[in-house]
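First up is the structure itself, then whatever we jot down about it.
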Amino acid sequence: MTHPHYIEEANEFCRNAGMDPHELSKPKNFLDDAGFQARSCSYKEILSVVRFFSEKLLDSLAGTPILVVVSDANGYLLSVEGDETIKSTITELGITPGSLFKIEDTGTNVVSLSLQQPHPISIIGDQHYHTFLHGIACYGSAFRYIDEQQLLGSLSIMMPIDFQNPLFLSMLAQVVDTIERELQLRKQNRKLLILNQIMLSRTRNGIVVTDEEGITLEFNEFAEQLSGNTREDVIGRNIQDSPLTGGYFTEVLRNGTLFENEELKFLDGTGNPVVCLFDAQPIYEGGTMIGAFGQFRDITDRYLLQEQYNYLAFHDDLTGLPNRRFLNKQIEDVIPKLADGRIRNAALLFLDLDRFKVINDNFGHSYGDQLLQQVSRRLLPYVRKSDVLARMGGDEFILLLTDFNSSDDVMAVAREMCGILEEPIVVNGRELITTASIGVALYPDYPITKEQFLLNADNAMYEAKSLGKNRFVVHTPELLETMKAESSLTFDLRKALENEEFILHYQPQVHNWTGELVGFEALVRWKHPSLGLLPPDRFIDLAEESGLITLLGEWVLEEACKQNRQWQDEGRTPVKLSVNLSAQQFLTRNIVGLVRSVLSRTGLAPRYLVIEITEYMAMDYNYAVDVLRDLKALGVGISIDDFGTGYSSLNHLKNLPIDYIKIDKSFVDELTEDNNDAIIVNAIISMAHSLKKEVIAEGVETAEQLDSLKLQHCDISQGFLFGKPLPAARIESSYYLPNT
């Protein structure tokens, strides 16, 4: 009988790990008393809900010898309830509250697998890897906060196999569904309570609440600040007597009228003008009006600065910045002023965040929204009162500058904005890195339209992206032709995979001490039908922007593995082959499955494949550790590419399961000329060796560079000194002859 795939995979893992199925396998990790108490305390509310419903489950199955087990999201047991005979048996096996269930320790088990699966599971009898569990039937399901799919833990039931029944799986699913709905309800109630407290005590809006007669029951601190009246003076008085809002509240209480965005102007207690938007509505309970609610929103500053505009229509809700409509109006106002000399000059900085789509797709829109908010806060200090910083939508921002001294001032702002966004941004404890590509357009000496002004900045921004991102480019007339060519290339790229226009070139990697060939790096090239052979810097960015990079990366991985296996079948000495992953590939949740599948299809042994990632891809440290460990479990090698140019934390690096560190070519280029680069290279090599990693130097082109690297004990070199990247046939004839 074929078992579910997740059971087969777990049992296969046990076999590969060399576990003896006839030997007792106990948990190896336990929380100490303090740790268990802390974990139980953090799960207090969750456990109370789970126990309530699990006790009902036990009651409904009274007379059946079952055990109900609750774990946290990591697999630590928090509660074991039920049949005392079964409890005493598993206690002898070390299965007690505080023990950690991992497949690596305990083999195929219901706790670990239920945490991994999106649906309830069962493991019955000989589906277990260990024979001592063949007499047990287990059913398990993970439970989550259903609004954000946050994994909280698992609920499992265990019983002698004679009592197994498929209905237990349905029963467990119903119990877990009830638990999740109750947890969600409690979470929402907490949010409502917090929101109510915030609304009244911390909101920047003035709040007034009355009873059905109009007697004021609540008057918050901000209402005091706005009106100049104290809470003690207002509470207990009839709001209908107010000369400012009494008429509105009378309409609400008598006729149930709703008011929204009523503009009120008055003087506060110190005589300063105040402009508010006022809302009022009745409060009902069971169909009966029990009072009225009023809210004041202070728009004084906005009103005085932009009286001619409707503020709500001209600002971005997320960042609070002016929006596209506002900016368009500003540019339309600026152009005539330029023509008649009222202002001297104008410039646009079109800013687009690099890699924002990767962050948004893989961490969720809430992370993306918080990132955009922090970006806007970082940019605002560089905006003068006469300038306008607007969010155009998505991850695009535009800065309109006027009346600056010279174009050098504009370049300085662009340079500063690039620099300020190079620093990681922390969102919910994660370090996110997003640089910026900026297009700069200076308004010319002759009249152009608003549309052309914006297009010039837009084209310059795309040119900055094509040149490698994290920079600014100033628009020139020649850019228009360049952008037309790039647009055509993007169109051709969509057909390139279908038409089999990509090929792989291979560059040798040589051991510095023995001179032996130890591997190749696979590098993709595009055989464009009219432009000839294109290097990756001509099309990789386009592939990322168009979303084709994942398909291209999958093709490269499969083609490289297929070629390496073919070379081995031809009798050539087996060597490792390195394949680069794109950020989108690495952050895709199925990357481990893809590598496993490709190795299976091509028949290549995992030890002859090396996966290369950049430092940037490890920005989400916890995710990177998990994925790299899973890849290492397959048997493949891991290399950190372009080391020294990214944002690696050495503390993180020492824990990443990697085999190789590749020194970036930029350091090797100046190795014999620049003492600082030599010091950096020596530090990288020393650090890598102390962490038991091998070091590969990229871009080695001269014998002097090689000698310097040998002196610093670098292990492996790659570069033109040993050979350029070549297609497979040229590699075979020049470097990689069959064994004789």
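None of these values were measured; they are calculated from a predicted model.
- Ring geometry for Phe539 against Trp526 counts as perpendicular: the plane angle is over 60°, on a 0 to 90° scale with 30° as the lower cut.
- Using a 4.5 Å cut-off on side-chain heavy atoms (C-beta onward), Phe278 and Gln295 make no contact.
- Checked by atom type and distance alone, the side chain of Arg384 pairs as donor or acceptor with a backbone atom of Thr402 at under 3.5 Å.
- For the pair Lys693 and Ile640, the minimum side-chain heavy-atom distance is 4.5 Å or more.
- In terms of heavy-atom proximity, Glu180 sits nearest to Phe143 at OE2-CA, 3.3 Å.
- Between Phe326 and His315, the two ring planes are tilted [angle within 30° to 60°].
- Using a distance-only test at 3.5 Å, with no hydrogens or angles considered, a donor-acceptor pair links the side chain of Arg471 to the main chain of Lys469.
- Inter-residue side-chain proximity for Phe586 and Leu628 is flagged as met; some heavy-atom pair is nearer than 4.5 Å.
- Each of Leu321, Asn323, Leu327 was checked for a side-chain contact (heavy atoms from CB on, under 4.5 Å) with Met392, and the lone residue meeting it is Leu327.
- Atom CG of residue Leu351 and atom CD1 of residue Ile438 lie 4.5 Å apart, to the nearest 0.5 angstrom.
- The closest donor-acceptor contact from the side chain of Lys662 to the backbone of Glu698 lies at 3.5 Å or more, if one exists at all.
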Exercise for the section: Walk me through it: do Leu400 and Ile331 pass the test side chain to side chain contact (heavy atoms under 4.5 Å, CB included)? Expected result: CA-CA 8 Å; Leu400 169 63; Ile331 298 175; 4.2 Å; yes

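- Considering CG of Leu552 and CZ of Phe502, their distance stands at 5.0 Å, rounded to 0.5 Å.
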Exercise for the section: Evaluate the criterion side chain to side chain contact (heavy atoms under 4.5 Å, CB included) for residue pair Asp659 and Ile638; output intermediate values, then yes/no. Expected result: CA-CA 5 Å; Asp659 304 285; Ile638 306 294; 4.1 Å; yes

Practice task
Determine, step by step, whether Leu348 and Val440 satisfy the side chain to side chain contact (heavy atoms under 4.5 Å, CB included) criterion, reporting the C-alpha distance in whole Å, the side-chain angles of both residues, the deciding distance to 0.1 Å, and the verdict.
Solution key: CA-CA 6 Å; Leu348 290 177; Val440 179; over 6 Å; no

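- Inter-residue side-chain proximity for Asp387 and Leu401 is flagged as met; some heavy-atom pair is nearer than 4.5 Å.
- The 12-atom threshold is not exceeded at CG of Asp445, counting heavy atoms of other residues, nucleotides or ligands nearer than 6.0 Å.
- The line from CD of Glu521 to CD of Glu612 is 4.5 Å long, rounded to the nearest 0.5 Å.
- Ile613 and Leu581 make their closest contact through CG2-CD1, 4.3 Å (heavy atoms, listed as atom of the first residue, atom of the second, distance).
- Of all the heavy atoms in Ala697 and Val668, the pair that sits closest is CB-CG2, 4.2 Å.
- Taking every heavy atom of both residues into account, Leu151 and Ala73 meet most closely at O-CB, 3.6 Å.
- Within the 4.5 Å cutoff, the side chain of Arg378 has heavy atoms near those of the Ile425 side chain.
- Between the Asn220 side chain and the Asn205 main chain, a donor and an acceptor come within less than 3.5 Å of each other.
- A donor-acceptor pair is defined here as one N or O able to donate and one able to accept, closer than 3.5 Å; such a pair exists between the side chain of Gln374 and the backbone of Val426.
- At least one side-chain heavy atom of Asn405 sits under 4.5 Å from a side-chain heavy atom of Arg344.
- Side chains of Asn328 and Glu332: a donor-acceptor N/O pair is absent below 3.5 angstrom, by distance only.
- No donor-acceptor distance shorter than 3.5 angstrom exists from the side chain of Asp354 to the backbone of Thr434, with no hydrogens or angles considered.
- For the residue pair Phe350 and Ile398, the shortest heavy atom distance occurs at CD1-CD1, 3.5 Å.
- Between the side chain of Gln373 and the backbone N or O of Leu318, at least one donor-acceptor pair lies under 3.5 Å.
- Side chain of Asp352 to backbone of Glu396: no donor-acceptor contact under 3.5 angstrom is found.
- Pairing each heavy atom of Ala464 with each of Ser437, the nearest pair is CB-CB, 4.0 Å.
- The structure places CG of Asn580 at 11.0 Å from CG of Leu557, a figure rounded to the nearest 0.5 Å.
- The closest side-chain heavy-atom distance from Ile207 to Phe293 is below 4.5 Å.
- A donor-acceptor pair is defined here as one N or O able to donate and one able to accept, closer than 3.5 Å; no such pair exists between the side chain of Tyr382 and the backbone of Ala414.
- Arg297 has its side chain out of reach of Cys276: every pair of non-hydrogen atoms, C-beta onward, lies at least 4.5 Å apart.
- The distance from atom CG of Leu349 to atom CG of Leu442, rounded to the nearest 0.5 Å, is 9.0 Å.
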Handout entry: Steps toward side chain to side chain contact (heavy atoms under 4.5 Å, CB included) verdict (Tyr443, Asn456)
Key = CA-CA 9 Å; Tyr443 193 88; Asn456 290 348; over 6 Å; no

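- From Asp641, atom CG reaches atom OH of Tyr660 across 14.0 Å, with rounding to the nearest 0.5 Å.
- Using a distance-only test at 3.5 Å, with no hydrogens or angles considered, a donor-acceptor pair links the side chain of Asn345 to the main chain of Asp403.
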